[in-house]
Amino acid sequence: MVSSDRLLAFAAMSFLLIVIPGPSVLFVIGRALAQGRRAAMTTVAGNTVGAFLLVVAVALGVGSIVERSVLVFTLLKLAGAAYLVYLGVKAWRQRGSLRAAFTGEEKAAQVGLRTFWEGFAVGVANPKTMVFFAAVLPQFVDRAQGHIAVQMLVLGLVFNIIALASDSLWGLLAATGRDWFARSPRRLSLVGGIGGVTMIGLGVTVAVTGRKD
């Protein structure tokens, strides 16, 4: 298994990466501003599952392919960026009808499920997390101990626990500020537009940044 010193070192490095707002954090904030606390937490859940899927991919060797191939990395990055822009445009267009999200249990459940999968898509297509897992995570594996895949999964779980706590805090803080806007249809429309613009800007940022090699 992973030694305690390697585990602590990886946790520290993960924390440094996570606290810097990236695609996942900004997406959660956008969702919190547009739809509130429940949507933010659902997004965090989907995001966490998507990020852990990246860990599984790295453990199975897919991550090394993505890390070595500029083409594969670029295609995945652009696909994620395009999806973020799509969600941002959608949020902007629906900014005037956000109150509908608070009515009807069945509709809320449907919205929650869709939000979960949207968060999952962002998590699994996050280029920053992808490169971190592919390039950094394997360096903390003790090959002499064997069970390489299991060690990677344990390290990835540590990363996801830290990310879950951090993203949840960001989402709750953003949702708390959003409650003030929700008291007025005009304010709610404004905050929906801000959330949409945030996601569009995030998508553009993801598309134009990253590996240059």
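All residue numbers in this chain count up from 1 along the given sequence. Source: prediction; values computed, not measured.
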Straight-line distance of Thr42 OG1 to Trp117 CH2, nearest 0.5 Å: 13.0 Å
From Thr115 atom OG1 to Arg38 atom CZ, the distance as rounded to the nearest 0.5 Å: 9.0 Å
Heavy-atom side-chain contact between Thr43 and Phe27 under 4.5 Å: yes
Over all atoms of both residues, closest heavy-atom pair of Phe120 and Leu53: CZ-CD2, 3.6 Å
Spatial distance of atom CZ (Arg31) from atom CD (Glu118) [nearest 0.5 Å]: 4.5 Å
Contacts of Phe52 that satisfy ring pair (Phe, Tyr, Trp, His ring centres under 6.0 Å) - sequence neighbours left out: none
Under the side chain to side chain contact (heavy atoms under 4.5 Å, CB included) test, residues paired with Ala11 that sit two or more places apart: Val158, Ile162
Minimal non-hydrogen separation, Asn47 against Val122, with atom names: ND2-CG1, 4.4 Å
Distance in Å, Leu7 CG paired with Gln151 CD, rounded so as to fall on 0.5 Å steps: 10.5 Å
Transitive ILVMFWY cluster of Val28, excluding itself - 4.5 Å side-chain cut-off: Met41, Val44, Leu164, Leu172
Set of residues satisfying side chain to side chain contact (heavy atoms under 4.5 Å, CB included) with respect to Ile161, sequence neighbours excluded: Leu157
Residues which pass side chain to side chain contact (heavy atoms under 4.5 Å, CB included) with Ala32, listed by chain and number, not counting sequence neighbours: Ala40, Ala174, Ala175
Residues clustering with Leu169 (ILVMFWY side chains joined when closer than 4.5 Å, directly or via others): Leu173
Distance-minimising heavy-atom pair for Asn160 and Ala51: OD1-CB, 3.4 Å
Met152 side, atom CE; Leu60 side, atom CG - distance, nearest 0.5 Å: 10.0 Å
